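Below is one structure; the comments refer to it alone.
Everything quoted here is computed from the prediction, not taken from an experiment. Sequence lines set the chain letters: A, B, ... in the order given, protein chains first and strands last, and positions in each chain run from 1.
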Number of protein chains: 2
Amino acid sequence: MLDVARHAGVSKASVSRFIGEDRALLSDAIALRIEQAISALGYRPNQMARGLKRGRTRLIGMLVADIRNPYSIAVMHGVETACRQHGYSLVVCNTDRDDQQEAQHLANLRAYNIEGLIVNTLGHHLEQLQELQQEMPMVLVDRKLESLHADLVGLDNPAAVHSAIEHLEQQGYRDLLLVSEPHDGTSSRLERSAAFQDEVARRPALRGQSLETGAALARHLKDFLDAPGPSPKALFCANGVAALAATRVLRELDCPLFEGIGLIALDDLDWYPLVGSGITALAQPTEAIGTAAFQCLLKRLRGDTGPARVLDFAAQLMVRGSTRKPPV
Amino acid sequence: MLDVARHAGVSKASVSRFIGEDRALLSDAIALRIEQAISALGYRPNQMARGLKRGRTRLIGMLVADIRNPYSIAVMHGVETACRQHGYSLVVCNTDRDDQQEAQHLANLRAYNIEGLIVNTLGHHLEQLQELQQEMPMVLVDRKLESLHADLVGLDNPAAVHSAIEHLEQQGYRDLLLVSEPHDGTSSRLERSAAFQDEVARRPALRGQSLETGAALARHLKDFLDAPGPSPKALFCANGVAALAATRVLRELDCPLFEGIGLIALDDLDWYPLVGSGITALAQPTEAIGTAAFQCLLKRLRGDTGPARVLDFAAQLMVRGSTRKPPV
DNA sequence: CTGTTAGCGCATTCAT
DNA sequence: ATGAATGCGCTAACAG
C-alpha cells in the first residue's frame, strides 16, 4: 500500500479511501493517479488487515452436518451465489455429523472473525451457539432450535408431508411405511415423522408405520412387505439418504421397482427418473432456501433487529412411476 | 489478549508464547496462570491478527469447477479431512465453470492470504495462476497444465480407460461409443478421449466412436443404436455427469437397461447399483486423491522445493449388470 | 525464562 | 480534499 501511495505521490490514507467506500471524497486527479498506480503495481488490498481494522471481514460461515448430502450441497450453492453477489465470501465447515468437529469448527469460525453464520447441523453445543449469537447474526437452515431465537429457513414440512400422503392415498395406496434416518434430534426429521403420524391418523383408509435406516432395515422392510394387511403398500422416504437406502434394499429383496410397492421421497435427486419406473419425489427449492438464508443474514448485518423470522418454503410434487401403478 | 495478560499478571508476549508454539519456554507457574486467565475470560486468539503478523493464516484455498459434481465433493471431503488433521482450514470456492468467477475467486483467495491452493478448474487465467504460484504452493487435481510446473494429483487415465475397454472386450462388446462432456480444455477429458482412441485402435475386434453430451445427445445416441455395424454395442461414459445424461437418454429411447446395450462409467456414484441391472463403473479413490493433494501442499509448505510431483491413482473396476449380459 | 519494543497492512480520527 | 498519526490483535527481535 505504501508502494502505491509513493508511486502515485499521495499518502496511504488516500489510497485507503480509494480502496474503501470513501472514494467520493477524492479529487478526480488523485483518484486517477491512484488507480494507475494500483494497476501498475498489481496491488491487491489485504483483506485480513482490512478485517482486523474495521471488524468487517466480509466472511460468512456455514456449518454443514453432511457435505455429502446433496441437499446440503444444493443449499450451499444457493448461499454461495448470494454471498458472491453481495461481495461476501463463504467459509464452509463440514462436521460429518460429529459433535466434536462441530465444536472445533465453531471455535475456528469465531477465530476468523466471520460476520454471520448459517447453521445446518445437529446444534448440540447450544452454549457455544448462544455465545456466538451474541457476537453475530445467525440463521438456522432446516433445523429449529427454540432456545436460540435465530432466523429459521427451511421446508414447510407439514405441508410437504400432507401432499405426499394425499398423493399416495389418491393413487390408491393404503399401507404406508415411513423410512427415515435415525432420529438424532434433527428437528426436520421429527417434524416429518410427526406430520406423517398426523396425516395417517386423520385418514381412516390408511395405515401407517415407521422405520429407521440402519443395519436392520432389510429385515424390517421384508417384514413389512410380507405382512398381511391393507394393500397396496407404499414407502415414504423422509429424505434422499433414506430413499437411497430403501431402494437399495428393495433391489436386494428382488422386489421389482415399483410394481409390488409404491415409493415417494422427500428431496428430488437427479437420478430418481432413472430408477425402475422413476421415483416420485417432493422437490425442495434448495437454491431459494440458500438465497433466503443469506438474505436473512444480510438484513441483520444491516441492522435489522426485529423478531426472529421463520421462512417456510413449499415442496413441489414430481410424479413418476413409483406411485403411478399401484397393484390391485 | 491484554486482558488475559493483566489477569495473569504477565506480559502480552508471554500470552502470545502460550498461544503459539513457544509454550516450552514458559515456566510452569506462569503457564498455569495464563491458562486459568484464558479460560476465565473465555479468550480466543484472533486468527486474522495472527495471520497478519506471521504471514501464516493456516488457510488453504480450493478452487472447484463444479461443486455439484459428486467427484469434486468427494475429493474436497478428503482435502478437508486432511486439512483439519493438520490444523488448517479450507476455503472452498466454486466457479460454476465460469471463467470470470474463477478470476474473481483467485483474487479473493489471494486477498485472504491463503497459504496454499488446490485447483480443480479449467485453469484459464494462466497468468493469474502463475502469479499466485510465485507466492504459494499449488497443486492441480485432475487437471494437467504443463506450463505451470505444479504438483499434479489425479487418476491414471490411460490405465483406467485400458481396464474399461479390456473389460468391455472380454464381455463380448464390439462397437463402442465414448460419451463425454464437451471438451473445454479439461486435460482429464482429453486424456480419456485419447486413451479411448488408442485402446480401440490397437484392438482389431473393436470399433470406437465418440460423442459429447448436449442438446443433440438423444439424436446421436439413437443413430448409434440404430446404425448397422459390429455388435453388441456399449457406451463408455467418461464421467458421472456423462453417465447420468446417457442413461437418461437411453430411458427416453425406451431402451431396456441394459439389455440392448452395455454401459460402463468412469466415477462410481452411489446410485449406480439401482439403475436397471446396475451400472458397471471404475471407482476413483477420491478420498485418497484429496488427502494426497493436501499432503503435497504440506510438503511444499514445509520447504520441499523438489521438482513437481505427479501422483496418478488407479481406478477400481466395479462390475454390475450393465456389462454382464451382452446380447448375442 | 520473561518483558519491552516495534511493526504486519490497513482505516480512521484529527488536523490542515 | 488530503496527510499525519494512532491502533486493530498479535508475533518477533531484542534485552534483561
Side-chain angles (χ1 to χ4, degrees), chain A residues 1-38 41-59 87 89 107-115 135-136, chain B residues 1-38 41-59 87 89 107-115 135-136:
Chain A
M1 177 161 175
L2 193 59
D3 293 344
V4 174
R6 282 204 279 252
H7 192 98
V10 298
S11 71
K12 290 197 302 176
S14 295
V15 178
S16 172
R17 293 196 253 262
F18 183 86
I19 300 301
E21 285 136 16
D22 299 337
R23 193 174 315 184
L25 300 185
L26 294 176
S27 71
D28 292 352
I30 282 208
L32 183 64
R33 267 156 52 205
I34 294 181
E35 185 167 4
Q36 287 169 341
I38 283 181
L41 283 93
Y43 165 77
R44 308 249 50 181
N46 182 325
Q47 293 295 343
M48 294 293 176
R50 304 189 77 186
L52 184 57
K53 184 64 186 156
R54 303 210 310 171
R56 291 182 51 190
T57 55
R58 294 295 189 174
L59 243 34
S89 293
N108 269 354
L109 286 174
R110 177 140 75 134
Y112 281 111
N113 284 14
I114 59 168
E115 292 181 40
E135 302 176 18
M136 66 185 74
Chain B
M1 177 163 173
L2 193 59
D3 292 344
V4 174
R6 283 204 277 251
H7 193 99
V10 298
S11 71
K12 289 197 303 175
S14 294
V15 178
S16 172
R17 288 179 183 118
F18 183 85
I19 301 302
E21 284 136 17
D22 299 335
R23 194 176 313 184
L25 301 185
L26 295 176
S27 70
D28 292 352
I30 282 209
L32 183 64
R33 268 155 52 206
I34 294 181
E35 186 167 3
Q36 287 170 340
I38 284 183
L41 279 71
Y43 165 77
R44 306 251 46 179
N46 181 325
Q47 292 294 344
M48 293 293 177
R50 305 187 78 186
L52 184 57
K53 181 63 186 162
R54 304 208 309 173
R56 291 181 53 189
T57 55
R58 294 295 189 176
L59 245 34
S89 293
N108 270 355
L109 285 174
R110 177 139 76 134
Y112 281 110
N113 285 14
I114 59 168
E115 291 181 39
E135 303 176 16
M136 66 185 76

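Minimum interatomic distance between A/Glu115 and A/Met136 (heavy atoms only, all atoms of both residues): O-CB, 3.4 Å. Scanning all heavy atoms of the two residues, the minimum distance from B/Leu41 to B/Val4 falls at CD2-N, 4.1 Å. Scanning both residues, A/Thr57 and A/Ile114, for their nearest heavy atoms gives OG1-CA, 3.9 Å.
A straight line from CZ of B/Arg23 to P of C/dC1 spans 15 Å, rounded to a whole angstrom. What separates CZ of A/Arg58 from P of C/dG9 is a distance of 22 Å, to the nearest Å.
In this structure a side-chain-to-backbone donor-acceptor pair under 3.5 Å is missing from A/Asp22 to A/Leu25. A donor-acceptor pair under 3.5 Å links the side-chain atoms of A/Arg33 to the main chain of A/Ala8, judged by distance alone.
Judged as a side chain to side chain contact (heavy atoms under 4.5 Å, CB included), and not counting sequence neighbours, the contacts of B/Arg23 are B/Phe18. Under the salt bridge (Lys or Arg N to Asp or Glu O under 4.0 Å) criterion, B/Glu35 pairs with no residue, sequence neighbours left out. Not counting sequence neighbours, the partners of A/Arg110 by the salt bridge (Lys or Arg N to Asp or Glu O under 4.0 Å) test are A/Glu131, A/Glu135.
Nearest-nucleotide positions on DNA chain C place B/Ile30 closer to the 5' end than the other of B/Leu52 and B/Ile30.
Rounded to 10 degrees, the angle separating the terminal helix axes of the helix from C/dC1-D/dG16 to C/dT16-D/dA1, each built from five base pairs, is 40°.
Separating the CZ atom in B/Arg54 from the CG atom in B/Asn113 is a distance of 13.5 Å, to the nearest 0.5 Å.
Where DNA chain D meets chain A (any atom under 4.0 Å from a heavy atom), the bounding nucleotides read 5' to 3' are D/dA1 to D/dG9.
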Quick one: what's the B/S/- string for nucleotides 10-16 of chain C, heavy-atom cutoff under 4.0 Å, read 5' to 3'? BBB----
Are A/Ile19 and A/Tyr43 close enough, and set up right, to give a side-chain contact (heavy atoms from CB on, under 4.5 Å), and what steps lead you there? CA-CA 11 Å; A/Ile19 300 301; A/Tyr43 165 77; 3.7 Å; yes
